[in-house]
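Here is the structure we will look at.
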Amino acid sequence: MTTGTKAFSELRLEGVSRRFGGHDALRDLDLTIEAGEFVALLGPSGCGKSTALNCLAGLLPLTGGSIWQDERRIDTLPPERRGFGMVFQNYALFPHMSVRANVAFGLRMRRLPKDEIRRRTEEAIRLVRLEEHAGKLPGQLSGGQQQRVAIARAVVLEPSLVLMDEPLSNLDAKLRLEMRTEIRRLHQSLGLTTVYVTHDQEEALSLADRLVVLRAGRVQQIGPPQELHTRPANWHVADFMGYRNLWSMRVQAAVDDTVAVERDGFRLVGDPVGPVAPGSEVIAAVRPEDVRVDQAGATTNAVPAEIEVVEYQGRELAAEAVTATGVRVHLRTDRRVAPGDRVTLSMDPQRLLVFPGDSAPAAGPAAGAALLEEPGLVG
Amino acid sequence: MTAATSTPAAESAGQPARAHWQHRLAERGVDRQLWLLTPALLFVVLLFLYPFFYGLGLSFQPTEGRPFSDYARFFSDAYQRATIWTTLGLSLPAALLNVVASVPIAYRMRGRFRGKRLVTILLVVPITLGTVLTAQGLLNFLGPTGWFNRVLTAVHLTDEPIRLIHNYWGVFFSLIITGFPFAFLLVLSYLSGIDPTLERAAATLGAGWWQRFRVVTLPLLMPGLATTFCLTFVLAFSVFPSAVLVGNPAGETRVISIAAYQAAYEQYDYPYASAIAMIMGLIELVVISVVLFARTRFYTGSTGGKG
């Protein structure tokens with residue numbers, strides 16, 4: 001049995017595809033992962049992100065494409081010969097083995113000398129701070145502790161690549177934050193190459209060096225967190241990255257880097273992303289936190305509206321307002337607004353992104369691929 | 001709200017009002033719903049407990065001699081005593097083979113695949129065949145002029161037909177045919193109770209298929225296999241019709257139930273027959289205790305699957 005824990009400089013996925021029956025779960029995934037990088041695969045459920053991870057782990061055969069570790073083709077190897085560590089959503093700890101035996105499992109399979117197994121196991125257990133639980137069975141641990149065991153079990157082999165499949169989704173909110181920091185800490189201290197699957201954009205933004213957004217089995221955008229946060233490639237990505245206000249509108253005029261859009265008297269000026277010709281159907285997107293309330297001197301994109309629903313969220317309020325023409329606006333504000341208040345909303349044109357609608361020529365299935373060809377989007 | 005606490009600690013802490021007696025009973029699971037158990041209890045008492053204790057009493061009232069003389073009579077008679085070993089010699093290997101053969105088949109059958117339902121039906125159909133029908137089939141199939149021997153002689157593997165009926169093997173095959181479906185269904189359900197992700201995790205940790213099975217799946221399956229073994233063993237130990245029909249009831253397949261039958265219906269000695277039946281039950285109990293004791297050495301907690 002080869003260990004496969006060889007250092008590599010890059011991992012290449014070339015046109016990786018997976019079909020289930022007549023359905024494309026993943027189609028033409030091209031991705032190059034540098035050694036030491038933390039890449040998050042992000043998307044709603046059913047977008048193909050877990051499929052991609054299972055293909056990478058060797059748990060699912062490909063129906064197209066290939067995976068390369070430098071010049072070695074690895075997609076034909078069975079999972080036990082790839083030498084990748086994997087952390088599963090439900091932890092998948094062996095329930096009949098102690099924490100120590102779980103962590104030692106991979107080392108035992110590699111037939112390493114006994115004292116090396118003991119040394120590395122204890123080291124990994126110390127790394128995830130579970131020393132006093134080493135003799136317990138997984139069933140005696142809390143969810144967060146179980147997940148730490150799963151991480152220790154995967155990293156003890158010093159794998160060339162760690163795959164994590166929504167590792168935090170079964171934990172409660174407080175633990176999730178703690179484990180997030182823990183994962184980032186481990187990644188930094190061990191210099192592991194990590195591919196992390198999640199449907200939580202916040203998690204992905206805070207953990208990853210680079211994000212891959214998938215939708216319906218296709219790549220929508222690949223880029224660093226800041227880029228996805230401020231400049232989503234299309235409105236689907238925007239929707240997923242927290243642009244809660246998505247209004248479908250029509251282009252009135254487009255001049256250089258600004259575009260004027262309108263729907264039933266609701267007029268806005270924004271920043272075009274992609275080709276928007278006058279008269280075409282577009283989608284205007286803005287984050288709730290970029291909607292200002294009663295800002296003095298705001299003249300562009302100023303809209304009168306009435307507050308309808310208010311949610312208390314600590315320092316800020318999340319509110320929903322309705323304009324005179326019936327457009328719903330989600331906003332966040334530190335002003336103490338109350339339902340029924342009449343306010344003036346305003347939006348910075350730089351923060352209002354205008355995307356081609358799905359029926360526009362550049363949109364649809366080809367959009368993702370076309371956008372990927374722009375320089376800077378493919379890493 | 002005054003909780004129905006009945007722990008001594010709570011009472012000694014000086015809780016003022018003692019909970020109502022109905023609450024205290026409910027805390028121990030005693031409430032009106034218990035009446036729903038009545039039909040089942042009646043059923044168990046009338047059809048199981050009464051006959052059992054009647055037989056037990058009868059076995060201590062031999063037609064002549066002291067209370068234990070029928071037991072002594074059985075064990076002092078070598079011809080009778082031998083039935084224990086004959087029965088164990090049939091039922092232990094048959095139960096073991098049923099369990100061992102079920103594991104690889106159930107292991108292959110746990111995923112979803114085309115035709116799974118058909119294969120399951122084919123494997124389980126012998127349950128619906130009565131023992132007599134099975135025996136009849138075996139007589140035709142394995143008999144001296146049956147297909148099996150005709151094929152063997154046709155391809156010149158043997159010159160003489162192999163004797164596979166009216167001896168040990170006839171009964172053994174019959175026990176396999178009737179016992180396997182039970183073992184298979186049980187093992188399949190125990191296997192689907194084991195989370196398949198565990199094996200996937202083992203694979204990513206470098207375990208090949210045999211190691212995955214031996215180190216992960218088999219230890220988790222062992223308690224289920226022990227239970228399955230007990231059930232198929234009990235079924236096989238009480239073998240009677242096939243021992244008569246496809247065996248050699250006067251010789252090598254004179255099982256213990258034949259001894260009890262002869263005592264009851266040929267000699268009309270009911271106390272002696274009852275004593276033999278009690279010995280039969282005792283031996284089963286010993287085997288099951290040994291197996292279940294061994295079972296406690298394995299992990300028996302949750303295995304995370306859908307079972």
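Remember, predicted model here, so these are calculated numbers, not experimental data. Note on naming: letters A, B, ... go to the chains in the order of the sequence lines (proteins, then strands), and numbering restarts at 1 for each one.
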Spacing of CG belonging to B:Leu205 relative to CZ belonging to A:Phe94, to within rounding of 0.5 Å
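Reported value, rounded in 0.5 Å steps: 5.5 Å.
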Between OG1 of B:Thr197 and CG of A:Asn90, what distance do you get to the nearest 0.5 Å?
4.5 Å
Derivation of the side-chain contact (heavy atoms from CB on, under 4.5 Å) call for B:Thr204 and A:Arg82:
CA-CA 8 Å; B:Thr204 63; A:Arg82 293 197 192 187; over 6 Å; no
What pair of heavy atoms forms the shortest contact from [X] to [Y], and how long is it?
X: B:Ala207; Y: A:Glu80; answer: O-CB, 3.5 Å
X: A:Pro95; Y: B:Ser302; answer: CB-O, 3.6 Å
X: A:Asn54; Y: B:Arg200; answer: OD1-NH2, 3.3 Å

Side chain / backbone / both / neither for A:Arg153 at chain B, heavy atoms under 4.5 Å:
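Looking at A:Arg153, backbone and side chain both touch chain B.
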Would you mind checking which part of A:Leu93 comes under 4.5 Å of any heavy atom in chain B, side chain (CB onward), backbone (N, CA, C, O), both or neither?
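For A:Leu93, the backbone is the part near chain B, not the side chain.
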Give every donor-acceptor pair under 3.5 Å between a side-chain atom in residues 29-40 of chain B and any protein atom, sequence neighbours left out.
residue	atom	partner	partner atom	Å
B:Asp31	OD1	B:Gln33	N	3.2
B:Thr38	OG1	B:Trp35	O	2.4

For B:Thr217, is there any backbone N or O sitting under 3.5 Å from a side-chain donor or acceptor partner on A:His96?
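Not at all, since once roles are kept as given, no pair shorter than 3.5 Å links the two residues.
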When only pairs under 4.5 Å are counted, which of B:Gly301, B:Pro219, B:Ala202 shares the most heavy-atom pairs with chain A?
B:Ala202
Answer yes or no: are there more than 12 heavy-atom neighbours, outside B:Phe113 itself, under 6.0 Å from its atom CZ?
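Atom CZ in B:Phe113 is crowded, with more than 12 foreign heavy atoms closer than 6.0 Å.
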With sequence neighbours left out, write down each residue that passes side-chain contact (heavy atoms from CB on, under 4.5 Å) with B:Leu97, or none if nothing qualifies.
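side-chain contact (heavy atoms from CB on, under 4.5 Å) check on B:Leu97 returns B:Phe172, B:Ile176.
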